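Just so we're clear, the structure is a prediction, and the values are computed from it rather than from any experiment. In the text below, chain A, chain B and the rest are named by the order of the sequence lines, each starting its count at 1.
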Protein chains: 2
Amino acid sequence: MQQKNESRSNKARTEATRLALISAARRLFSEKGYAETSTPEIVTAAGVTRGALYHHFEDKLALFRAVVRQEYAAVADEITTAVGEQPGSALDALRDGSRGYLKAMSDKGRVRIMLLDGPAVLGQSELSQIDRETSADALRTGLSEAMDAGHIQRLPLEALTVQLSALFDRAALAVSEGDDPEDHLRILDAIFAALK
Amino acid sequence: MQQKNESRSNKARTEATRLALISAARRLFSEKGYAETSTPEIVTAAGVTRGALYHHFEDKLALFRAVVRQEYAAVADEITTAVGEQPGSALDALRDGSRGYLKAMSDKGRVRIMLLDGPAVLGQSELSQIDRETSADALRTGLSEAMDAGHIQRLPLEALTVQLSALFDRAALAVSEGDDPEDHLRILDAIFAALK
DNA sequence: GCGGTGACATACAGACTGTATGTATCATAG
DNA sequence: CTATGATACATACAGTCTGTATGTCACCGC
């Protein structure tokens, strides 16, 4: 029953506009990529003007950054729930986590944003920074504890985290291109088992 | 002693112009990335006009494609010579190959072109197609033979090739960001050994 | 040497990004 | 309750970029 031009508080206005922009941008970026999506398109889809966009975001890149952070957070959430609370064995956690990740990345648009445009547009350093703040941290601490407990061999922690992330990412990419997830999960499991 | 405006055959002209364009583009793409490099910049650096560029290449993307293919070919060459001729054990070949790859990718600009802009601009499918035509093929056949000889366990070949490539790529990326190559090589060796 | 083709050079149209400026609405001090 | 400032936009504009269309001149084969 709300009217379109009903008066709203500034905070609510801002929230609504930002949400509309991020949502529209996410859809367009995921469908056509960052470079092929124009700001006129985004604001039209969001039902606002370019003035609003440039009021809330410094530039197109800042909007993309917001979209990427949201995707990373969503994926981290899915993985966390997939792994569950009880510690279990380190290998079980890795297996559950990798399945949770592949499931979370079964959205092709998400793959494009996080694994293709993300690194190119934001740079690998900023992206791995975002990754560190979300999902990679869980992986690293999990590996660290597994090493301490002697469940897996002791290797350079940082490098190992990075490399395993690479396996997950490439698997997600390949699956999004039509590969069979089971094939890739078998490889992942074999490598995890081999770290014992 | 050659004069600038000396008359040349058409074939030589074309060759020289294409080379100048690809060379200038490679330098600029590697320094500033694809999106931030404009065609006016490229042609100025190459000493030609935009007319020449659009005469020899369908568009900016086609020029990028040519640069990418050249880089892939160069890397494949370096790996081939690093691995050497005599077969040796499959694990030795993997170890030599990974070292050769990391060395070939020690050029930060090359990493940017092949691992950051490449997938985003050309798409993962086209890029892995190029990869298949060059270095990845050697990896796959090597793995296949190693499996047949019983040197490594039998796993889905295509997926294994893709995943190992991912390890190499991410290691190269991390090293280009300042990581210690030795740390990553240790991980790679550990994983290779574990495939036995 | 001459018609044709290839290799450019120049001019132009359309689109896009970011900024500058104007305006209406909300928040708040008095 | 009103004046004043701040916030949230909307509109207009400048500069740049891409791709195309068109014109020119040198090479090439006959």
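Arg13(B) contributes no side-chain N or O that forms a donor-acceptor pair with the base of dG6(C) under 3.5 Å.
Taking atom CD1 of Ile42(A) as the reference point, atom C1' of dT17(C) lies 12 Å away to the nearest angstrom. The distance between atom CD of Glu15(B) and atom C1' of dA7(C), rounded to the nearest whole Å, is 14 Å. If you take OH of Tyr54(A) and P of dC16(C), they are 11 Å apart, rounded to a whole angstrom. Note: CD (Glu58(A)) to P (dG18(C)) measures 9 Å, nearest angstrom. Separating the NZ atom of Lys60(A) from the C1' atom of dA15(C) is a distance of 12 Å, rounded to the nearest angstrom. For the pair Leu53(B) CG and dA7(C) C1', the computed distance is 13 Å after rounding to whole Å. Between the P atom of dT16(D) and the NZ atom of Lys32(B) lies a distance of 13 Å, rounded to the nearest Å.
Looking only at distances, no side-chain donor or acceptor of Ser144(A) sits under 3.5 Å from a matching main-chain atom of Arg140(A). Checking side-chain atoms of Glu41(A) against main-chain N and O of Ser38(A) turns up a donor-acceptor pair under 3.5 Å. Side-chain N or O atoms of Lys103(A) include none that pairs as donor or acceptor with a backbone N or O of Glu78(A) at under 3.5 Å.
Relative ring orientation between Phe64(B) and Phe29(B) is described as perpendicular, the plane-to-plane angle rising above 60° on a 0-90° scale split at 30° and 60°.
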